[in-house]
Structure formats: structure tokens, C-alpha cells
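When reading the values below, keep in mind they use all heavy atoms of this one structure, side chains included, and skip hydrogens, waters and symmetry mates. Note that the structure is a prediction, hence the values are computed from the model and not measured. Residue numbers start from 1 in every chain, and the chains themselves are labelled A, B, ... in the order their sequence lines are given, proteins ahead of strands.
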Number of protein chains: 2
Amino acid sequence: MFFSQRKTQYALRAIYELAKRHGEGPTKISEIAKVQGIPTRFLEVILNQLKASGMVESKRGFYGGYRLIRQPGDITIGDVLRYMQKSAGHSACIACVAEESCPFDGNCVFSDMWKRVHTEVYKIFDGTTIEDLVHHGSS
Amino acid sequence: MFFSQRKTQYALRAIYELAKRHGEGPTKISEIAKVQGIPTRFLEVILNQLKASGMVESKRGFYGGYRLIRQPGDITIGDVLRYMQKSAGHSACIACVAEESCPFDGNCVFSDMWKRVHTEVYKIFDGTTIEDLVHHGSS
DNA sequence: TTGTTTCTTGACTAATACAGTCGGAAAGTA
DNA sequence: TACTTTCCGACTGTATTAGTCAAGAAACAA
């Protein structure tokens with residue numbers, strides 16, 4: 001529905017990790033991977049993909065790594081989820097695989113409820129910034 | 001997260017179809033399959049599984065089929081989702097695959113938000129009955 | 001009784017999406 | 001130069017899910 005993919009989960013955690021180090025120099029992929037228990041080669045792929053979102057930038061070489069280019073308080077969970085799900089497919093409705101395959105023919109009885117769920121969920125996701133998470137607890 | 005499995009989607013639509021015919025005699029699997037565009041053999045499996053939930057009952061023979069044994073107004077979307085997801089695995093958190101694999105060690109920074117999302121979503125699911133859907137539109 | 005219709009059951013196969021890997025190239029630092 | 005890091009695209013493996021099949025049991029009709 002909204003995520004549940006490893007890739008998205010790792011993306012969230014990686015960005016969280018970058019936010020913790022915001023203001024410092026770039027953080028290496030290997031460092032994030034280690035702290036968050038994410039397979040390094042896989043994280044390479046993910047962070048690289050995130051660059052196009054404008055949330056992070058990278059630098060190669062010895063002092064290279066990744067850093068946030070937006071303020072942690074300006075990046076919401078919703079931003080990250082939306083971006084990661086855009087590449088993956090997301091289901092348009094709870095009862096249909098895709099809009100085109102809806103047997104209810106444009107008058108889907110589930111769609112109202114589905115929209116309400118979507119709205120409520122993104123109200124929370126868009127109302128929570130990465131900074132909120134950083135200031136939440138330890139880890 | 002909450003579903004997005006075909007099986008669950010089909011289950012919802014099958015139950016909706018039964019609700020539309022509530023009060024009449026049993027409805028055949030093949031009938032539901034046809035109307036809702038669900039593979040017949042697959043729907044057999046799904047409805048059979050639903051029997052154990054106490055929402056539907058079946059009858060064999062010429063005048064056989066399935067029928068609801070609870071009132072449509074008494075069955076919520078949440079009931080169906082919970083039942084179908086129980087057999088499948090559901091992720092415990094947005095950022096972790098499973099509680100045990102949480103790198104935040106019991107102090108997960110995502111978990112508060114995740115719980116709020118879960119609460120809001122099921123508030124809607126549990127507040128919507130199958131009857132609500134039947135009285136919603138045509139199809 | 002016999003035949004037909006329908007559900008029942010469990011095992012089976014097929015597809016596919018996703019997680020994760022690998023090798024080597026490019027870029028930055030010293 | 002030597003070294004470290006990201007970059008890129010192709011690749012593999014695997015687990016899950018979708019969906020099928022065949023034989024059998026119950027219910028009913030004639």
C-alpha cells in the first residue's frame with residue numbers, strides 16, 4: 001500500500017542517520033550501513049536513487065560521503081515515502097490492483113473510504129519531519 | 001503494510017458481493033467470480049478460508065453457494081482486513097521489517113508515528129461496515 | 001439409485017517482484 | 001601516483017504470492 005518495502009525502510013533510516021549528523025561533513029555509506037545494519041552495496045543503490053529527490057547530495061573520494069541538502073526540519077516522512085513509492089508501484093485502492101482494473105467501473109464503492117484513509121495517513125506523514133524524529137529519543 | 005495482497009482485495013469484494021445479496025439464498029462461487037472478475041479457482045480458496053472467520057457459511061449441491069452469516073451492518077472492513085492479514089505477515093513498523101530486527105533497540109524513533117498511523121487507519125476501517133458500502137453507490 | 005452441481009482439500013506450478021551482489025569505472029584527495 | 005569513495009548497470013537468487021488442478025464429498029433432483 002504505502003510502503004513495506006525494505007528499500008523504503010532503509011531510505012527512511014538512512015535519512016534519519018544523515019539528519020543526526022547534519023552540519024558535520026559528509027557521512028560515508030559504509031558508516032550509515034554499519035550503524036543501521038543495512039547491507040552496504042544495497043544502500044549504495046538507495047542513496048544514489050535518493051539524490052534525484054534533492055534531499056541529499058554526494059561527494060566522492062576520501063572525504064566523500066552523503067549529506068542532507070535540506071534542513072531536517074524541512075523534510076517530512078511523507079516526502080521520503082512519496083519519493084520512494086513513486087518509482088515502485090502503489091495501489092490506487094484497497095480493493096483493486098490498479099485503477100484500470102477496477103470492476104466497479106469508475107464508481108468504486110471502496111474508493112471513498114480509501115481516500116479518507118490516504119488523507120489521514122498522509123496528514124501524519126506530512127506532519128512529521130525528520131528533525132522531529134531526531135529530537136525524539138536516543139538511538 | 002495493511003494489505004495490498006490480491007487475496008485480501010478479492011476477499012473484500014467477495015464479501016461485498018455477498019452483502020448485496022444478503023437475505024436471498026446462497027450465491028455460487030462462480031457467480032461472484034464472474035461479477036467481480038476474480039479467477040474462480042482462486043476464489044474457491046479464498047471463500048473457503050473465510051469460513052473459519054465466522055462471517056460466511058457454505059452449502060453444497062445444486063442450490064449451494066455462500067452466504068453471510070453476520071449482518072452486513074455488523075461486519076467492518078477492519079474485520080476482514082485483520083482476518084486476512086492474520087494469516088499473512090504484517091510489518092510491525094514503518095522503518096523495520098520486524099520488531100526483532102529493529103536497530104533502535106526498543107527505542108525506535110519511528111514507532112510513535114507508526115502507532116498513530118495504525119490507530120487512525122483502523123479507526124476508519126473499523127468504522128466502515130460492509131453495509132455502508134452497499135448503500136453507497138450502484139455497482 | 002444415478003447423475004449433476006457445487007463446495008472441499010491439499011498439493012502443485014508459475015510468475016514476478018524484490019533483496020541483495022558484483023565488477024569495474026569515475027571522481028576526489030594527497 | 002596511490003588510495004578511497006561514490007557511481008552505474010547488469011546480474012542472481014529466493015521467497016512470496018497468484019493461480020491451477022484433480023479427485024472427492026455433500027446436497028439435491030429425477
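- For the pair Ser30(A) and dT5(D), the criterion of a side-chain N or O lying under 4.0 Å from OP1 or OP2 is not met.
- Between Arg67(B) atom CZ and dC7(C) atom P the separation is 13 Å, expressed in whole Å.
- In terms of phosphate contacts, Lys51(A) brings no side-chain nitrogen or oxygen within less than 4.0 Å of OP1 or OP2 of dT6(D).
- For Phe62(B), there are no ring-ring contact (aromatic ring centres under 6.0 Å, His included) partners two or more places apart in sequence or in a different chain.
- One atom, NZ of Lys7(A), and another, P of dT21(C), lie 14 Å apart when rounded to the nearest Å.
- Distance Leu43(B) CG to dT6(C) C1': 13 Å, rounded to the nearest Å.
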Next item on the list: Any chance you could list the contact pattern along nucleotides 24-30 of chain C? Use B for base contacts, S for sugar-phosphate-only contacts and - for none, protein heavy atoms under 4.0 Å, 5' to 3'.
Entry: B-BSBSS
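- For Asn48(A), counting side-chain heavy atoms from C-beta on, the closest listed nucleotide (dC7(C), dT20(D), dC7(D)) is dC7(D).
- Nearest to the side-chain atoms of Pro39(A) among the listed nucleotides dC7(D), dT8(C), dG20(C) stands dG20(C).
- At least one side-chain heavy atom of Leu47(A) sits under 4.5 Å from a side-chain heavy atom of Ile32(A).
- Comparing dT20(D), dT9(C), dG20(C) by their nearest atom to the side chain of Tyr10(A) picks out dG20(C).
- Rounded to whole Å, the distance from CD1 on Ile29(B) to C1' on dT20(D) is 14 Å.
- Contacts of Leu47(B) with the nucleic acid, taken as non-hydrogen atoms under 4.0 Å apart, are absent.
- Nucleotide dT4(D) holds its C1' atom 15 Å from the CD atom of Glu31(A), rounded to whole Å.
- When rounded to the nearest whole Å, the span between CD of Gln49(A) and C1' of dA19(C) equals 13 Å.
- Side-chain atoms of Gln5(A) lie closest to dC18(C) of the nucleotides dG19(D), dC18(C), dC7(C).
- Under the 3.5 Å distance criterion, the side-chain polar atoms of Arg13(B) are matched with a main-chain donor or acceptor of Gln36(B).
- As a whole-Å value, the separation of Phe42(A) CZ from dA10(D) P is 17 Å.
- A salt bridge (charged side-chain N to carboxylate O under 4.0 Å, His left out) with Glu31(A) is found for one member of Arg67(A), Lys20(A), Arg21(A) and no other, namely Arg21(A).
- Listed for the Asp79(A) side chain is a donor-acceptor partner under 3.5 Å among the backbone atoms of Thr76(A).
- Remark: C1' of dT5(C) and NZ of Lys28(B) are 8 Å apart, rounded to the nearest angstrom.
- No option in Ile15(A), Thr129(A), Thr128(A) other than Thr128(A) meets the side chain to side chain contact (heavy atoms under 4.5 Å, CB included) test with Ile77(A).
- Using the six-membered ring where Trp is involved, Tyr122(A) and Phe125(A) have ring planes that are perpendicular, over 60° apart on the 30 and 60° scheme.
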